[in-house]
Amino acid sequence: MEIIKVNQLNKSFGDNHVLKDISFEVKKGDVMAIIGSSGSGKSTLLRCLIDLEKADSGDIIMEGKPLLKDGVYPSPPEIRAIIMKMGMVFQHFNLFPHLTVRQNLELAPKVVKKEEAVAMNQRCEAYLNKVGLLERIDAMPSTLSGGEKQRVAIARALMMNPDILLFDEPTSALDPELTGEVLSVMQSLANEHMTMVVVTHEMSFAREVANKVVFMDSGTILEEGSPEDIFIHPKEKRTQEFLSSVL
Ligand code: ADP
Ligand code: MG
């Protein structure tokens, strides 16, 4: 089953045409890595998927429901219902600095889903345990390392029981010695068949964890395929050039 289907998506900022007829599908359990140079439109694409940016034309169909159909958005309540099934993890964590780790995790379930305290507390503890940070439950974000902040951000995204998780360069702001702990949490989510779309510069992650790799270049999907297709047998010259610059 398709979790997300994108068809002929276009987005411009003024006269900068940033996404050009983007089409792809993400099936349940897929781990799709999006790679490409800075400025190629990767973040804008993720932001359109979760309605942080409005696209200009095309379709975004999430589990059969249109977030965008022929360039038209549904009503705000319909949009909210759709994006509630998606979680996003950002490069700069975006934790609420004035809230504890627990409060960061419990805010959205409490406010958006009116979830009961007992069930929410249990899930909060279970997800923190999963990312190896149960002992930091009452910590303030400022006392955490970057890798810990990002693991909290992942646990926070999981609290909404998303059907898909979107990651925008989740390790790019981290010191190299802290990327491993975040990647290993992502690897364990993949092992549990969480559907994920990951914009990343970590070619080893794209190669070893993803089952689909998309190469974006100047607002287009220039090439897509299995990790083997992209990393071992890239067809396009631009893909080959990009890979030789990063590998
Ligand atoms: P990537 O994530 O691949 O580095 P982005 O999606 O961030 O690329 O950016 C693609 C293009 O869109 C760039 O030219 C960037 O300057 C432009 N852009 C991104 N966000 C905005 C914005 N909010 N306003 C205007 N231009 C933007
Ligand atoms: Mg980006």
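Just follow the structure's listing: the first ligand is 1, and inside any ligand the first atom is 1. This structure is a prediction, so every number in the text was calculated from the model and none was measured. Atom set for the values below is all heavy atoms of this structure, side chains included, hydrogens, waters and symmetry mates excluded.
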So does A157 get a backbone contact from the side chain of Y127, meaning a donor-acceptor N/O pair under 3.5 Å?
no

Mode of V18 contact toward ligand 1 - side chain, backbone, both, neither (heavy atoms, under 4.0 Å):
side chain

Any idea how many protein N, O or S atoms are nearer than 2.8 Å to the Mg ion (ligand 2)?
1

Test salt bridge (Lys or Arg N to Asp or Glu O under 4.0 Å) applied to D217 - qualifying residues, sequence neighbours left out
R238

Could you identify the single nearest non-hydrogen protein atom to [atom] and state the distance to 0.1 Å?
atom: atom 9 (O) of ligand 1; result: T44 OG1, 3.9 Å
atom: atom 14 (O) of ligand 1; result: N16 ND2, 3.1 Å
atom: atom 4 (O) of ligand 1; result: G39 N, 2.7 Å
atom: atom 3 (O) of ligand 1; result: K42 NZ, 2.8 Å
atom: atom 19 (C) of ligand 1; result: F13 CE1, 3.5 Å
atom: atom 8 (O) of ligand 1; result: G41 N, 3.2 Å
atom: atom 7 (O) of ligand 1; result: S43 CB, 3.8 Å

Distance-only donor-acceptor check, side chains E125 and N121, under 3.5 Å:
no

Decide, yes or no, whether a salt bridge links [X] with [Y] under the criterion of side-chain N to carboxylate O below 4.0 Å.
X: E148; Y: R136; result: yes
X: R80; Y: E78; result: no
X: R156; Y: E106; result: no

Are side-chain heavy atoms of E53 and F13 found at a separation under 4.5 Å?
yes

